[in-house]
2 protein chains.
Amino acid sequence: MAPDRRKMIVAAATKSFSLFGYKATTMDQVAKLANVGKGTIYTFFKNKEELFEEIISSLVREMIVEADSVIQPKLPFTENVHRALYRLLEFRSQHQLMIKLVQEEAEMGTLAVSEMLQHVENEIIAYLKQKIETAISKGAIPAANTEITSFLLLKMYIALVSDWERNHAPLSSEQIAEIMKVFLLQGLPT
Amino acid sequence: MAPDRRKMIVAAATKSFSLFGYKATTMDQVAKLANVGKGTIYTFFKNKEELFEEIISSLVREMIVEADSVIQPKLPFTENVHRALYRLLEFRSQHQLMIKLVQEEAEMGTLAVSEMLQHVENEIIAYLKQKIETAISKGAIPAANTEITSFLLLKMYIALVSDWERNHAPLSSEQIAEIMKVFLLQGLPT
DNA sequence: GATATGACCAAAGAACTAAATTAGTCAATG
DNA sequence: CATTGACTAATTTAGTTCTTTGGTCATATC
């Protein structure tokens with residue numbers, strides 16, 4: 001009977017953002033959903049955007065857990081990169097909040113949303129970069145500019161998974177894996 | 001003293017599109033610039049969009065001439081692909097009409113402009129595809145899915161040239177060439 | 001009679017405004 | 001002293017008028 005108000009607020013906001021998007025979610029709505037006075041929200045968060053940031057941070061942590069869960073140390077490195085990336089993009093295309101935000105950016109161009117999605121992309125690149133660096137230090141793959149490599153990996157993935165489907169039939173997971181393997185296995189860009 | 005009205009119209013429209021963009025160009029303006037009655041435009045073109053199409057077609061032809069002009073048969077295939085792609089993107093970033101259209105798409109999302117840019121992209125991919133196919137038939141590079149390869153090549157290029165600069169210092173032409181060479185030289189995606 | 005023209009029209013869009021909504025504050029409350 | 005919701009300044013929406021624009025066509029020109 002002493003509910004954690006902070007958690008209730010975050011839960012309510014997450015639900016509302018997922019359902020209606022960022023702009024269409026009002027603080028009154030969040031307060032009502034969380035069974036909390038509106039003022040209370042502002043004792044935990046400086047403003048709407050900061051509340052949003054906290055939720056996105058959780059989402060990123062969740063994504064990384066997902067990606068890690070799919071990695072199997074015994075598999076070759078390239079296979080694991082593929083698995084992780086595939087899981088990440090699958091996550092992005094299945095998670096309600098992500099779907100809503102991507103949609104909101106496309107059709108309304110909400111600034112705060114664009115910034116958050118860019119942030120998520122950067123987090124994914126940082127994650128990849130770290131994986132690549134440890135693989136290099138273990139001698140699993142040749143040395144390379146890890147920043148460019150992780151950046152390109154993600155861009156290629158997005159191109160193959162999203163952009164490609166604008167004009168062509170979707171590629172199978174196997175085809176994508178094959179393309180990525182070629183790219184990663186051979187000498188990486190220096 | 002018998003000016004080719006059609007050419008005057010196209011020239012006027014090209015100038016106006018380059019200067020003000022597609023939406024902000026009015027048919028009255030084009031008519032005035034071309035020293036022609038507005039109705040005359042409609043004896044040559046069904047509507048504004050068709051006039052736009054004609055101009056974009058010329059632009060694409062111009063781009064292909066540019067790309068071809070930079071190819072030297074004696075150089076290795078990968079080097080030529082790099083040169084052609086680099087020239088194409090340079091063209092895109094220097095040509096007034098292209099600059100204006102890209103800008104208009106970004107900040108106003110004009111539908112007709114988006115469609116045209118997509119069309120230009122498809123033309124570039126078709127051009128690359130054809131180059132790759134002849135190279136394969138000559139045994140210069142291993143066989144591959146040319147559609148995916150040309151698609152990916154362009155996407156990678158755009159990512160490296162445009163997207164990368166959003167968060168990093170620009171890459172040198174040499175760096176870009178190196179990355180592309182790795183990708184193209186090794187086995188291509190099947 | 002073939003071609004060119006610009007006044008004209010319907011439709012789309014801009015500009016303006018009033019009304020409604022909303023993020024954030026703060027004096028009152030328990 | 002943590003919580004609240006009525007309050008406010010600022011933004012957004014909705015409704016309306018006024019303007020602009022793509023496209024047509026009757027008239028003028030050669």
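This structure is a prediction, so every number in the text was calculated from the model and none was measured. Letters A, B, ... mirror the listed sequences (proteins, then strands); counts begin at 1. Hydrogens, waters and symmetry mates are skipped; everything else that's a heavy atom, side chains included, is used.
- Atom P of nucleotide D:dA2 and atom CE of A:Met8 are separated by 19 Å, given to the nearest angstrom.
- Put simply, A:Thr43 has no side-chain N or O that comes within less than 4.0 Å of OP1 or OP2 on D:dA2.
- Side-chain N or O atoms of A:Ser150 include one that pairs as donor or acceptor with a backbone N or O of A:Thr146 at under 3.5 Å.
- B:Gln29 has its CD atom 13 Å from the P atom of D:dT20, to the nearest Å.
- At whole-Å resolution of the value, CD1 in A:Ile41 and P in D:dT4 are 10 Å apart.
- Taking atom CZ of residue B:Phe45 and atom P of nucleotide C:dA4, one finds them 13 Å apart after rounding to whole Å.
- Between the side chain of A:Asn80 and the backbone N or O of A:Gln72, at least one donor-acceptor pair lies under 3.5 Å.
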Trace of the side chain to side chain donor-acceptor pair (under 3.5 Å) decision for B:His119 with B:Glu123: CA-CA 6 Å; B:His119 172 70; B:Glu123 294 274 6; 3.3 Å; yes
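- Note: CZ (B:Arg6) to C1' (C:dT3) measures 16 Å, nearest angstrom.
- The cationic atom of B:Lys48 (NZ for Lys, CZ for Arg) lies less than 6.0 Å from the six-membered ring centre of B:Tyr22 and within 45° of the ring axis.
- OP1 or OP2 of C:dA12 has not a single side-chain nitrogen or oxygen of B:Lys23 nearer than 4.0 Å.
- Judged by distance alone, with hydrogens and angles left aside, the side-chain atoms of B:Glu50 form a donor-acceptor pair with the main-chain N or O of B:Lys46 at under 3.5 Å.
- Although no hydrogens or angles enter the test, the distance criterion places no donor-acceptor pair under 3.5 Å between the side chain of A:Glu54 and the main chain of A:Leu51.
- Of the possible donor and acceptor atoms, none in the side chain of A:Ser16 sits under 3.5 Å from a partner among the backbone N and O of A:Ala13.
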Which atoms of nucleotides 24-29 of chain C (N or O only) lie under 3.5 Å from a protein N or O atom, and what are those distances?
residue	atom	partner	partner atom	Å
C:dG24	OP2	A:Tyr42	OH	3.1
C:dG24	OP2	A:Lys48	N	2.8
C:dG24	N7	A:Lys38	NZ	2.9
C:dG24	O6	A:Lys38	NZ	2.4

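- Among the nucleotides D:dT4, C:dG13, C:dT5, the one closest to any side-chain atom of A:Arg5 is D:dT4.
- Under the 4.5 Å side-chain heavy-atom criterion for grouping Ile, Leu, Val, Met, Phe, Trp and Tyr, A:Phe45 is not connected to A:Leu33 through any hydrophobic cluster.
- Between the C1' atom of C:dT3 and the CD1 atom of B:Ile9 lies a distance of 12 Å, rounded to the nearest Å.
- In terms of position along DNA chain C, the nucleotide closest to B:Phe44 lies nearer the 5' end than the nucleotide closest to the other residue of the pair B:Phe44 and A:Tyr22.
- A donor and an acceptor atom, one from each side chain of A:Asp68 and A:Tyr127, are located under 3.5 Å apart.
- Contacts between residues 108-115 of chain A and DNA chain D, counted as heavy-atom distances below 4.0 Å, involve no residue at all.
- Protein atom NZ of B:Lys32 is 17 Å distant from nucleotide atom C1' of C:dA4, rounded to whole Å.
- With salt bridges taken as basic N to acidic carboxylate O contacts below 4.0 Å, one links A:Arg83 and A:Glu79.
- Here B:Thr26 lies in heavy-atom contact (under 4.0 Å) with sugar-phosphate atoms only.
- Between the A:His168 side chain and the A:Trp164 main chain, a donor and an acceptor come within less than 3.5 Å of each other.
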Secondary structure of DNA chain D in dot-bracket form (Watson-Crick or G-U wobble, distances below 3.5 Å, | marking inter-strand pairs): ||||||||||||||||||||||||||||||
